[in-house]
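First listed ligand is number 1; within each ligand, the first listed atom is number 1. Keep in mind that what you see is a predicted model, and the values were worked out from it rather than measured.
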Amino acid sequence: MISLKNKKNPKILTREWDEIAALREEQISSGKDHSANFVLAPAIIEELPKVYYLVDIGCGTGWLTSRASLYSKKTVGIDPSSESVSLAKVRHSRSSITYLADSVEHYSRRRLRPIFDAAISNMAASSSPDLDAFFVASRKILREKGLFIVTIPHPCFWPLYWGYASHPKFRYDKCIAVESEFKIRRQSTQMLTTHFHHPLHRYLSSLISAGFAVEKLRELTGRGFNFPRFMLIVCRAT
Ligand SMILES: C[S@@+](CC[C@H](N)C(=O)[O-])C[C@H]1O[C@@H](n2cnc3c(N)ncnc32)[C@H](O)[C@@H]1O
C-alpha cells in the first residue's frame with residue numbers, strides 16, 4: 001500500500017528507520033541488496049578522493065561509511081536513527097570512525113566552523129523531511145571547496161519503479177512524502193518507510209542556494225528496471 005502525504009513528523013520517520021535497521025543491515029551485508037552494494041556504493045567511491053576528514057550524512061547502519069573510510073584519515077557517520085547507529089558501531093566500527101545518532105541539522109548547529117573535507121550521502125537527502133535544511137546543514141559542516149557526493153532516487157523514474165507515478169495525488173512538480181512498504185528487487189517487506197519525492201529542479205536549486213556548485217550528474221541503472229533508478233550528484237562547496 002502506498003500513501004502520499006503532504007508532510008510527516010520527523011520523529012515517526014526516524015522510528016521507521018529504527019525499525020527496519022536490522023533488516024537493512026542483513027539485506028546489504030548478505031549481498032541481497034544489489035543496488036546498494038553494486039550500483040550506489042561503487043559510484044560514490046569512484047568519485048571520492050583521499051581526504052583527511054570525511055562525513056557520511058545519513059549513514060544508516062554504517063556499511064558504506066566503513067567502505068568510504070578507507071579513503072580518509074578520520075570519518076564521522078551521522079544519522080538520527082539510533083538503532084541504525086547502534087548497529088553501525090557493532091558491525092562497521094574502525095578506530096578511525098565515529099558514529100553519532102544525530103540529524104545533520106542538529107549536528108551542524110553544534111559546530112562553530114566547517115571541519116570536513118568531503119561528505120557523502122547515500123539516499124538520505126530524499127529521506128529528510130526538509131530538503132533545504134538538509135543541504136544548508138551539510139554545507140555548514142563542509143570546508144570551502146569541500147566535495148559533496150549525493151545519491152538520490154531518480155526523480156523522473158523512481159515514481160514508475162516504486163509504483164506511484166499513476167497515484168491520483170502524485171504530481172511530478174510537487175514535493176510529497178511517499179509512505180510504503182520497503183522493497184528491494186529481491187525482497188518485499190511489511191515494514192513502512194518514507195521517502196520524499198522532489199522534482200529534479202528542486203534538488204538542484206536547493207543545492208545551489210545552500211552554497212554548492214554542481215560539478216557532475218550521473219544517472220545510475222540497477223538490475224531489473226531498464227530506466228535509471230538513481231542519480232548521483234557531485235558538488236563542491238563554494
Ligand atoms: C535510505 S536510508 C540510507 C541509509 C544509508 N545511507 C545507506 O546507504 O544504507 C536514509 C537514511 O537517512 C537518514 N536521515 C533522514 N533524515 C536525516 C537527516 N536530517 N540527517 C541525517 N540523516 C538523515 C535516515 O535516518 C536513514 O537512516
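- Residue V136 is not grouped with residue I57 when hydrophobic side chains (ILVMFWY) are merged at heavy-atom distances under 4.5 angstrom, including chains of intermediate members.
- Under the 3.5 Å distance criterion, with hydrogens and angles disregarded, a donor-acceptor pair is assigned to the side chains of T194 and E16.
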Which side-chain N or O atoms in residues 160-168 pair as donor and acceptor under 3.5 Å with protein atoms at least two apart or in another chain?
from, atom 1, to, atom 2, distance (Å)
Y161, OH, R229, NH1, 3.4
W162, NE1, S180, OG, 2.7
Y164, OH, H195, NE2, 3.0
H167, ND1, K169, N, 3.0

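- Residues L220 and F225 share a single hydrophobic cluster, defined by chaining ILVMFWY side chains whose heavy atoms lie under 4.5 Å apart.
- Remark: K145 does not engage D117 in a salt bridge, criterion side-chain N to carboxylate O under 4.0 Å.
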Taking a 3.5 Å cut-off between nitrogen or oxygen atoms, can you list every pair linking ligand 1 to the protein, with distances?
from, atom 1, to, atom 2, distance (Å)
ligand 1, 6 (N), G58, O, 2.6
ligand 1, 6 (N), N122, O, 2.9
ligand 1, 8 (O), N122, ND2, 2.8
ligand 1, 9 (O), W63, NE1, 2.8
ligand 1, 19 (N), E105, OE1, 2.8
ligand 1, 19 (N), E105, OE2, 3.4
ligand 1, 20 (N), V104, N, 3.0
ligand 1, 25 (O), D79, OD1, 2.6
ligand 1, 27 (O), D79, OD1, 3.2
ligand 1, 27 (O), D79, OD2, 2.7

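- The aromatic ring centres of F170 and H197 sit less than 6.0 Å apart.
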